[in-house]
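Numbered from 1 within each chain, the chains take letters A, B, ... in sequence-line order.
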2 protein chains.
Amino acid sequence: MPDEVAVQAWRELSRQYATLSCALESALQEQHQLGMSEFEVLDRLVGAQDCTGLRMQELGEQIHLSQSALSRTVARLEKDGLVERQLCTSDRRGVFVHPTDAGRERHAAARPTHRAVINTTLGE
Amino acid sequence: MPDEVAVQAWRELSRQYATLSCALESALQEQHQLGMSEFEVLDRLVGAQDCTGLRMQELGEQIHLSQSALSRTVARLEKDGLVERQLCTSDRRGVFVHPTDAGRERHAAARPTHRAVINTTLGE
DNA sequence: GTACGTTAGTTGCACGTGCATTGAATGCGC
DNA sequence: GCGCATTCAATGCACGTGCAACTAACGTAC
């Protein structure tokens with residue numbers, strides 16, 4: 001792969017990401033009072049069938065966010081009453097996170113927006 | 001395009017961007033004391049054949065950065081002596097930015113790193 | 001049991017970013 | 001000439017992020 005082609009690919013990747021993440025951020029914020037990271041976390045939590053929730057670590061593997069950023073994102077969600085943190089009994093270092101009813105509702109409301117923005121922006 | 005396919009595409013895009021931007025950021029910072037945005041600006045400036053430099057506005061069109069972020073990025077580059085700002089005589093609201101010799105050198109040194117990281121990361 | 005290295009998650013801090021505002025310069029209508 | 005909307009760039013401010021340091025809990029060796 002010649003250098004210039006790779007650089008062009010990077011610029012295209014960069015452009016797409018910037019456009020889409022920006023569109024998602026503002027649409028979710030405006031219509032549902034959710035940041036992109038917040039929605040992403042909520043999306044994974046609701047998507048996980050296990051009712052006990054996910055551990056921070058598992059979330060971290062799925063979402064590209066530093067450990068500290070994830071910790072604060074979950075803290076914001078908890079403050080808004082959308083998720084609950086629960087100490088893991090088997091390994092008391094761990095923390096289970098699971099959505100509340102309000103969290104599930106907010107997610108259900110925001111999901112169509114999320115999907116729509118992705119579809120229209122990627123299909124441009 | 002079904003929703004789930006689009007969401008998967010977005011997640012893949014997101015993953016690639018996170019991996020590559022993170023790798024670029026740390027490699028450029030560590031080896032050349034340049035942030036990713038700084039390099040990007042320098043890269044455009046050196047790439048522009050026009051010796052008088054580019055206007056802030058033109059830079060803004062090429063780089064996906066808010067106007068304020070761009071302003072500060074150029075300010076950082078100027079503080080490090082890598083670019084110079086010059087008032088535009090025809091339209092005194094405008095500002096021309098052009099690389100200094102030091103800027104050209106730093107860019108020449110950083111460019112191989114930039115290309116290498118992109119090639120290895122995109123080819124994974 | 002005690003000590004030690006490792007792992008999970010949180011917090012202090014500095015930094016880059018976006019939004020909104022500001023200030024200066026331009027162009028247009030009159 | 002005089003206003004007035006618009007454009008370009010810089011700045012105040014709040015916020016999310018990453019890094020490094022920290023605390024707590026676990027596992028192992030002895």
Over how many whole Å does the gap from [X] atom [atom1] to [N] atom [atom2] extend?
X     : N      : atom1 : atom2 : value
B/E30 : D/dG18 : CD    : P     : 17 Å
A/E40 : D/dG16 : CD    : P     : 16 Å
A/H64 : D/dT17 : NE2   : P     : 13 Å
A/K79 : C/dT10 : NZ    : C1'   : 17 Å

Backbone of [Y] reached by a side-chain donor or acceptor of [X] within 3.5 Å:
X     : Y     : value
B/D80 : B/L82 : no
B/S26 : B/C22 : yes
A/E58 : A/R55 : yes

Closest listed nucleotide, where the reference is the side chain of [X] and the choices are [options]:
X     : options               : result
A/Q67 : D/dT6, C/dG9, C/dT17  : C/dG9
A/A69 : C/dT17, D/dT6, D/dG18 : D/dG18
B/R92 : D/dT11, C/dA25, D/dA9 : C/dA25

Would you tell me if any nitrogen or oxygen in the side chain of [X] comes within less than 4.0 Å of OP1 or OP2 on [N]?
X     : N      : value
A/S66 : D/dG16 : no
A/S37 : D/dT17 : yes
A/T73 : D/dT17 : yes
B/R85 : D/dA10 : yes
B/Q57 : D/dC8  : yes

Mapping A/E38 and B/S26 onto DNA chain D by nearest heavy atom, which one lands closer to the 5' end?
A/E38

Taking for each residue the nucleotide of DNA chain D with the nearest heavy atom, is it B/S68 or B/R93 whose nucleotide lies nearer the 5' end?
B/R93

Does A/S71 get its side chain close enough to the base of C/dG9, under 3.5 Å, for a donor-acceptor pair?
no

Suppose we call a contact any N or O donor and acceptor under 3.5 Å apart; does that hold for the side chain of A/R55 and the base of C/dG9?
no

Return the orientation label for the B/H114 and B/F39 ring planes: parallel under 30°, perpendicular over 60°, tilted otherwise.
tilted

For the rings on B/W10 and A/Y17, is their centre-to-centre separation under 6.0 Å?
yes

With sugar-phosphate meaning primed atoms plus P, OP1 and OP2, does A/R72 contact a base, only sugar-phosphate, or nothing at under 4.0 Å between heavy atoms?
base

